[in-house]
Structures are given as C-alpha cells and as structure tokens.
Amino acid sequence: KPVAWGYEGDIGPCNWHKYFPKAGGKRQSPIDIDTSATQYDGSFKPLRIHYDSHMCSSLTNNGHTFCMSVNSDQCNLSGGPLEDKYRLLQFHCHWGSDDTKGSEHTVDGHQYAAELHLVHWNTDKFKSADEAIEKNQGIAVLTAFIKAGKEHRGWNHVLSHFKDIKKVQGTSTVNEDFNPKCLLPENQTDYWTYEGSLTTPPCHESVRFIIFKEVVEVSSEQLAQFRSLCVCSSRKRDTGEDEHLVDNFRPIQPLNGRVVKASFQ
Ligand SMILES: CN(C)c1nnc([C@H](N)S(N)(=O)=O)s1
Ligand SMILES: [Zn+2]
C-alpha cells in the first residue's frame, strides 16, 4: 500500500525521511541558488532541446500537481552539462497559495510564484524511465521560474484542460498541436546547473537540474487556475468541501558543499 505523503501536517516534508529515507540524503533538492557562490563553467556545449509538436499527451491530477505525460520519442534533450541524451517523460509545476511563494528553488533567497519542471530520463544509459529515476545521471529536469505578469498564451493550451482534471486522478487527453518548448524562456543559454534529487518522495538522488535564469511571465488569473485543482484530504470527509492544492513546493534543502555551476559569466 503506497505511503501517503503531502505538504502539510504529519505527512509533510519534515517527516518524509521516515518512510522515504533518501529524503534525508546529502544531495537533496530544492536548494537556494546563492549567485555570489556559483562557478562559471565555460566548457558547456549549447543545450539542444528538440521537441516535436505532434505528440499525444495526457494530463492528470495526481493529487500533488498536474502532470502532462508525454509519450513521444521525438522529444529529446542533450548538450549543456549533459553527457548523454535524455527523453521528455512529463512536465508539471509547483506553486503557492498566493503570488509571493510557490517556486521550489530560490535565487538569493527570492521565491517565485511557481516553478515548471520538464522531466527527462537518460535513454543512453537506461532502458526505462522507471530504472533511470533511481540512478545517478538518470534524470534531467529543465526548470523555469514563473512570476505574475502578462498572460502566457502557450499555457492556455494546458489550462484549457483543467476543467477535466479538477478532481484527483482526473485525466484528460491532449491531442492538439502543442509544443512544451513554448513554456520555456526565450534565453536558453543562461542557466544554473547542479546535482540534486526528485523534490517529492521517494526523493531519489538521480537528478541533474538545469535552471534558466530568465523568468517566464503568466497572468495572475492563470496562476489562480493552477490553484483551482483539488486534492482529496482527510478534512474533506469532515467538512465536505474540496481541499485545494496549494503550497505544493518542498522547503529548501542543505547544499552540503555542492557547487552550482553557471553557463554564463
Ligand atoms: C518518477 N518521476 C518522473 C518523478 N517523480 N517525482 C517527480 C517530482 N515531481 S520532481 N519535482 O520532478 O522531482 S518527477
Ligand atoms: Zn517537480
């Protein structure tokens, strides 16, 4: 029977390590990026992000976030700090109860309103995503910070399906011509990168994070749509009303001597 975990109370992040021991490891995520301590690495080749648009995807509310599963072998990532080729598996976001919080990583202590994770697995070294998620160098997560500002039309292709996934385990098939690359910032040459972990249980220490410096803008109304997703919780049975998915970000974890590299000076 899978162990329940969440973002508040007894099943919250401070207790994850009790059932998911890796959550107490030495290379956990997220972290604060102290820009005065990052090290420029001039050896990185250009990032190669090749996504096709004609892939059928499915959008699910997994009770912790919305997750757009991608099943196209034409969505690949390589270059930058990566030695191997990685394939897009899914993307999702983390957000907060208002626009002042929500991102998992912070920059010089600043938290953004939300954070996008495009999760890829290493197809050169491993035969399946299930194998790769537990292994060093198995996962690469492209990450973009999100702040409230002008409307982002690309995000409407995802948000237009939210009515079908309001409830937990709700799923919706997305067939339209959508390329997740449109969710990334224009500047894809300036990023920070470091070795960390999945930010939700089981917190495997298998992730290379690549975090773009440029922040993406979405409207406050679009951020409110993220928060509109429901999550079932014990309180629902007592009070009857839906519990909304908020603050689904993990607190900052110790850096433990890790160095965050920068692709720019
Ligand atoms: C098994 N996979 C792909 C994942 N497991 N946990 C994930 C987390 N949501 S995150 N934030 O990407 O580390 S992604
Ligand atoms: Zn995530």
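Atoms within each ligand, like the ligands themselves, are counted from 1 in listed order.
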Residue and atom name of the nearest protein heavy atom (relative to [atom]), distance in Å to one decimal:
atom                    : result
atom 6 (N) of ligand 1  : Thr200 OG1, 3.2 Å
atom 12 (O) of ligand 1 : His92 CE1, 3.0 Å
atom 11 (N) of ligand 1 : Thr199 OG1, 2.7 Å
atom 3 (C) of ligand 1  : Leu89 CD2, 3.5 Å
atom 5 (N) of ligand 1  : Leu198 CD1, 3.7 Å

As a quick check of understanding, evaluate side chain to side chain contact (heavy atoms under 4.5 Å, CB included) for Leu223 and Val218, giving each step before the final call.
CA-CA 7 Å; Leu223 279 166; Val218 305; 3.6 Å; yes
Show me which atoms of ligand 1 lie under 4.0 Å from any heavy atom of Gln90.
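Close to Gln90: 3 (C), 14 (S).
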With heavy-atom distances below 4.0 Å as the criterion, list the atoms of ligand 1 near Ile133.
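Result: 1 (C).
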Can you give me the NE2-the Zn ion (ligand 2)-ND1 angle for His94 and His117, to 10°?
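That angle works out to 100° after rounding to 10°.
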Going by the angle between their ring planes, with limits at 30° and 60°, are Tyr194 and Phe209 parallel, tilted or perpendicular?
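The rings of Tyr194 and Phe209 lie parallel, inter-plane angle below 30°.
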Within-cut-off N or O pair, Ser197 and ligand 1, under 3.5 Å
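There is no such contact.
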So which N/O/S atom does His92 have closest to the Zn ion (ligand 2)?
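Checking each N, O and S atom of His92, the shortest distance to the Zn ion (ligand 2) belongs to NE2.
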Please report the interatomic distance CH2(Trp121) to CG(Asp84), rounded to the nearest 0.5 Å.
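Here the interatomic distance stands at 12.0 Å.
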